[in-house]
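A quick write-up on the structure given underneath.
Quick note: numbers below take in every heavy atom, side chains included, and nothing from hydrogens, waters or symmetry partners. Note that ligands are numbered from 1 as they come in the structure, with each ligand's atoms numbered from 1 the same way. Residues: numbered from 1 along the sequence shown.
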Amino acid sequence: MDSDIKLNPFEVALSNLSISSDFDSKDFAQILDDKHPSLKEEFNLPKINKVTFKRHLPVANGDSNAVYFCGNSLGLQPKITKKLINEELEVWAESGVNGHFDHPHERPWALIDDHVIEESAKIVGAKASEVAILNSLTSNLHFAMISFYRPTPMKYKILMESKAFPSDYFAFQSQVKYHGFDPKDAIIQLEPRKGEYTLRTEDIIKKIKEEGNQIALVLFSGVQYYTGQCFNMKEITKAGHEMNCVVGFDLAHAVGNVVLKLHDWDVDFACWCTYKYLNSGPGNIGGLFIHGKHANSQIPRLSGWWGAKPENKFDMALNFDPVFGANAYRLSNPCVIAVVALLGSLSVFKKTTMLELRQRSILLTGYLEKLLLNIDSNQNKFRIITPKNHMERGCQLSLQFSSSEEMIKIFEGLNIEGIVVDERKPDVIRVSPAPLYNTFADCFKFAEVLKKLLQTV
Ligand SMILES: *Cc1c(COP(=O)(O)O)cnc(C)c1O
């Protein structure tokens with residue numbers, strides 16, 4: 001992946017810092033935080049007594065900030081978001097329908113999503129005309145598949161990974177049935193080798209070569225939600241295209257996490273949600289990438305009035321004249337409050353770049369990994385199932401425990417200490433130091449608490 005990022009995090013950090021202190025110390029974490037500051041001041045951090053699993057227990061330091069490692073599930077709220085939403089509520093209260101065209105903050109609702117396209121495109125490595133902000137993730141997957149899953153009697157299969165997020169599988173299953181095929185035959189679910197947790201790129205490519213003649217669509221996640229593996233999107237796309245397959249990605253866990261170059265990698269389409277690493281708020285609006293090479297093609301697409309050129313939108317004539325690019329996929333006028341919530345978060349991203357964030361993130365996750373291996377170097381008590389190589393992972397580390405019971409005990413123990421992680425059945429805890437707001441001190445605290453808990457369970 002991020003082929004332009006070639007640093008061994010510890011070598012770089014240690015040589016840059018030239019310090020002798022033990023890395024497993026609060027002081028070392030502080031030095032790293034001073035050297036590589038986060039943007040956490042831009043966010044509201046949840047309080048310990050609000051995040052604890054067992055609310056009835058009195059929690060020491062209940063009013064202090066929790067350590068939040070769940071940005072892979074729901075990103076934190078940027079401080080600016082409330083202000084932007086309140087502004088829209090006021091415009092609505094005071095101007096009513098007029099807000100569509102005349103807006104005191106220069107955000108007329110009729111063109112509201114124009115404000116979130118450019119920064120979104122930067123984050124996914126696309127041209128502005130290749131990105132639309134609309135609907136939500138699974139819906140966008142379906143709308144994209146209407147265009148890009150065009151099975152024929154010979155070439156009708158979908159290649160995916162066996163452990164994909166269930167919603168993706170349900171989408172594929174229903175699309176396959178919709179076209180009259182049997183999911184058991186038409187969906188190829190690639191599994192890791194025996195004894196391995198993640199897929200090897202070479203095995204994915206081999207499968208594409210072997211069965212490509214029958215594969216209509218290759219669709220992987222960018223970063224796997226369970227293991228944290230970052231797929232080699234560039235190589236997968238290339239292999240798919242060599243066999244004449246359409247290649248799409250679900251970027252739910254990749255966007256705002258790793259460097260993406262959708263345009264240069266020649267990806268056909270991609271979908272993402274904005275409430276994970278993009279911090280736009282629970283259930284908020286989704287994103288869609290359609291490569292520019294498809295913009296002028298005659299691919300079928302489902303349409304609605306919001307996909308028409310803005311100058312014609314209110315003519316109410318019945319000739320549909322679509323806007324150029326991905327925005328032609330818009331059906332409905334978007335929820336303004338949803339869009340400005342995304343705008344709030346993107347304004348934080350604007351203070352940095354994905355490359356800068358990713359470099360800090362590699363170091364941050366590398367630091368956490370080093371602390372964890374120091375607790376349990378033989379991986380007897382837990383195993384990190386996320387790939388070791390930073391090129392093959394994003395910020396998340398997935399820790400697999402020896403049993404489901406032990407995992408739950410550890411999960412609850414962390415939670416009572418105000419450390420927010422999430423558990424995924426049967427036996428995994430996911431820890432995601434988010435590039436924007438997690439600190440090296442957060443990682444140190446996590447490792448310290450985990451070490452203590454492992455001695456007691
Ligand atoms: C989070 C996530 C989803 C969620 O889908 P919605 O349609 O936004 O509810 C889907 N797929 C993957 C891979 C995810 O990680």
N/O donor-acceptor pairs under 3.5 Å from side chains in residues 336-352, not counting sequence neighbours:
| unit_1 | atom_1 | unit_2 | atom_2 | d |
| --- | --- | --- | --- | --- |
| S345 | OG | L278 | O | 2.3 |
| S347 | OG | G344 | O | 2.6 |
| T352 | OG1 | E356 | OE1 | 3.1 |

Give one line per pair: atom of ligand 1, protein atom, distance. Only N/O to N/O under 3.5 Å.
| unit_1 | atom_1 | unit_2 | atom_2 | d |
| --- | --- | --- | --- | --- |
| ligand 1 | 5 (O) | T138 | OG1 | 3.4 |
| ligand 1 | 7 (O) | T138 | N | 2.8 |
| ligand 1 | 7 (O) | T138 | OG1 | 2.6 |
| ligand 1 | 8 (O) | Y275 | OH | 2.5 |
| ligand 1 | 11 (N) | D168 | OD1 | 2.9 |
| ligand 1 | 11 (N) | D250 | OD2 | 3.1 |
| ligand 1 | 15 (O) | H253 | NE2 | 3.1 |
| ligand 1 | 15 (O) | K276 | NZ | 2.6 |

Within the 6.0 Å centroid threshold, strictly below: H253 and F165: no
Centroid separation F440 to Y367 less than 6.0 Å: yes
Within 45° cone of F220 ring axis and under 6.0 Å: K207 NZ or CZ: no
Option passing side chain to side chain donor-acceptor pair (under 3.5 Å) with S432 (candidates N72, D422, N438): N72
Salt-bridge present (K445, E448; N to O < 4.0 Å): no
